[in-house]
Amino acid sequence: MNKLKLSSIIIFLFGPLARLVAKILSQFVFKTFTNWKIIDKENIPKKGACIFIANHLHEIDPPLVLASIPRQTKPMAKNELFQIPFIGWYFRAYGAFPVKRFSADSKTLLLAKKIIKSGKPILMFPEGTRSKNGGLKKAYPGAAMLAMLSECSIVPVAIIGTKKLTKKSMLKGFLTNKKPVLTIKFGKPFYLSTDKADAKSAREGTEVMMKKLASILPKSYQGEYLK
């Protein structure tokens, strides 16, 4: 039995405990080595399914957002991450499901829809990859299509301050008491029109969705969706 299969079996058997350990570990790191701020946490729905969408600047973004959400949330993550020993364990512990980037992955869409139907929130990064300049890139329509098909709310999540974050800057900040500031800001939940759920509607919905996300980001982060 290879290590990846063994890891999956362990997490399946000890899922709730694994999620708790992953969350506590993340929160400890962010509280200890950064000045971690969460803004407008009251915008997080207290129950029921929703889709959290966030901008993407750094590989630390998924753990940071997940640690900021008080509810159990399943992240969508690129296939490659599941092959990395510790990171793969972390995402499995959170109940992450893999996606093939830059492709129409119908299996992932169906799985995500099933998770939402069960009343659980999911986390998606509509840009598909990290932004090199810090500004929003043109997003893919998967999150909008999923929201329309599932008729669930979308919660925009602004990630601010992670672009230039390094292990060195975190350690230096800890030692000098000048910790890097990381901010997570939650926007108000909203719904997309569900009159149609075709490719055109998904593209239009993506524009609406990303402009909502841009509205809670600083102008220098708004990129393709700058007003």
Side-chain angles (χ1 to χ4, degrees), residues 43-44 49-66 68-69 73-81 91 96-113 115-116 121-163 183-227:
N43 286 330
I44 300 173
C50 66
I51 301 172
F52 293 99
I53 60 156
N55 58 312
H56 199 4
L57 307 169
H58 193 284
E59 60 190 12
I60 208 169
D61 293 342
L64 179 61
V65 176
L66 291 168
S68 304
I69 300 172
T73 302
K74 291 180 177 286
M76 184 182 286
K78 62 183 180 181
N79 268 329
E80 297 88 334
L81 288 175
F91 278 105
F97 52 104
V99 61
K100 294 176 184 176
R101 293 189 298 164
F102 319 123
S103 66
D105 192 345
S106 56
K107 285 184 179 179
T108 299
L109 192 63
L110 287 171
L111 177 56
K113 192 177 176 184
I115 292 167
I116 286 172
I122 65 172
L123 169 63
M124 298 180 71
F125 294 87
E127 296 164 279
T129 187
R130 286 172 281 169
S131 170
K132 290 182 180 178
N133 63 10
L136 286 172
K137 299 168 59 176
K138 277 291 179 184
Y140 290 87
M145 177 65 83
L146 180 61
M148 290 189 289
L149 290 172
S150 305
E151 298 185 5
C152 74
S153 65
I154 298 172
V155 181
V157 185
I159 302 172
I160 304 163
T162 61
K163 185 176 183 294
T183 303
I184 296 294
K185 183 176 182 181
F186 293 95
K188 291 183 179 180
F190 65 93
Y191 289 85
L192 295 176
S193 171
T194 56
D195 292 340
K196 280 186 179 180
D198 54 20
K200 183 183 177 184
S201 300
R203 286 194 298 270
E204 291 171 351
T206 300
E207 285 293 309
V208 172
M209 178 182 78
M210 295 306 287
K211 283 177 181 176
K212 293 272 191 183
L213 175 55
S215 72
I216 62 170
L217 283 164
K219 280 195 173 182
S220 60
Y221 281 68
Q222 291 176 5
E224 294 288 340
Y225 300 94
L226 181 65
K227 291 182 181 179

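Atom set for the values below is all heavy atoms of this structure, side chains included, hydrogens, waters and symmetry mates excluded.
Side-chain contact between Tyr140 and Pro126 is absent, with no heavy atoms from C-beta onward closer than 4.5 Å. In this structure, Ile122 and Leu146 have side chains that are in contact, with non-hydrogen atoms separated by less than 4.5 Å. Looking at heavy atoms from C-beta onward, Leu66 lies in side-chain contact with Pro75 at the 4.5 angstrom threshold. No side-chain heavy atom of Tyr225 sits under 4.5 Å from any side-chain heavy atom of Leu213. Residues His58 and Ile159 are not in side-chain contact: their nearest non-hydrogen atoms beyond the backbone lie 4.5 Å or more apart. Residues Leu109 and Leu149 form a side-chain contact, since some pair of their non-hydrogen atoms from C-beta on lies under 4.5 Å apart. Proximity of Arg203 to Thr206: side-chain heavy atoms (C-beta onward) are nowhere separated by under 4.5 Å.
Other residues, nucleotides and ligands contribute at most 12 non-hydrogen atoms within 6.0 Å of the NZ atom of Lys211. Applying the 6.0 Å contact sphere to NZ of Lys212 captures no more than 12 heavy atoms from other residues, nucleotides or ligands. Lys138 NZ: more than 12 foreign heavy atoms inside a 6.0 Å radius.
The shortest heavy-atom contact between Ile53 and Ala143 is CG2-CB, 4.2 Å. The shortest non-hydrogen separation linking Glu127 to Leu136 is OE2-CA, 3.3 Å. Between Val155 and Gly187, the closest heavy-atom pair is CG1-O, 3.6 Å. A pairwise comparison of heavy atoms in Pro156 and Phe190 identifies CD-CE2, 3.8 Å as the closest pair. The nearest pair of heavy atoms linking Pro141 to Ala202 is CB-CB, 3.9 Å. Heavy atoms only, all atoms of each residue included: Lys188 and Asn43 are closest at CG-OD1, 3.5 Å.
Here His56 pairs with Phe125 under the ring pair (Phe, Tyr, Trp, His ring centres under 6.0 Å) rule; sequence neighbours left out.
Atom CG in Leu123 sits 7.5 Å away from atom OG1 in Thr73 (nearest 0.5 Å). Separation of atoms OG (Ser150) and CE (Met145) is listed at 11.0 Å; rounding is to 0.5 Å. Of the inter-residue distances, the one linking Asn55 atom CG with Lys137 atom NZ reads 12.5 Å to the nearest 0.5 angstrom. Interatomic distance, CE of Met76 versus CD1 of Ile115, reported as 8.0 Å (0.5 Å rounding). Here the CE atom belonging to Met210 is positioned 10.5 Å from the CD1 atom belonging to Ile154, to the nearest 0.5 angstrom. Distance check: Ile69 CD1 to Ile44 CD1 gives 6.0 Å after rounding to the nearest 0.5 Å.
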### Task
Begin with the C-alpha distance, continue with both residues' side-chain angles, and end with the deciding distance and a verdict on side-chain contact (heavy atoms from CB on, under 4.5 Å) for Phe186 and Ser68.
CA-CA 10 Å; Phe186 293 95; Ser68 304; 4.2 Å; yes
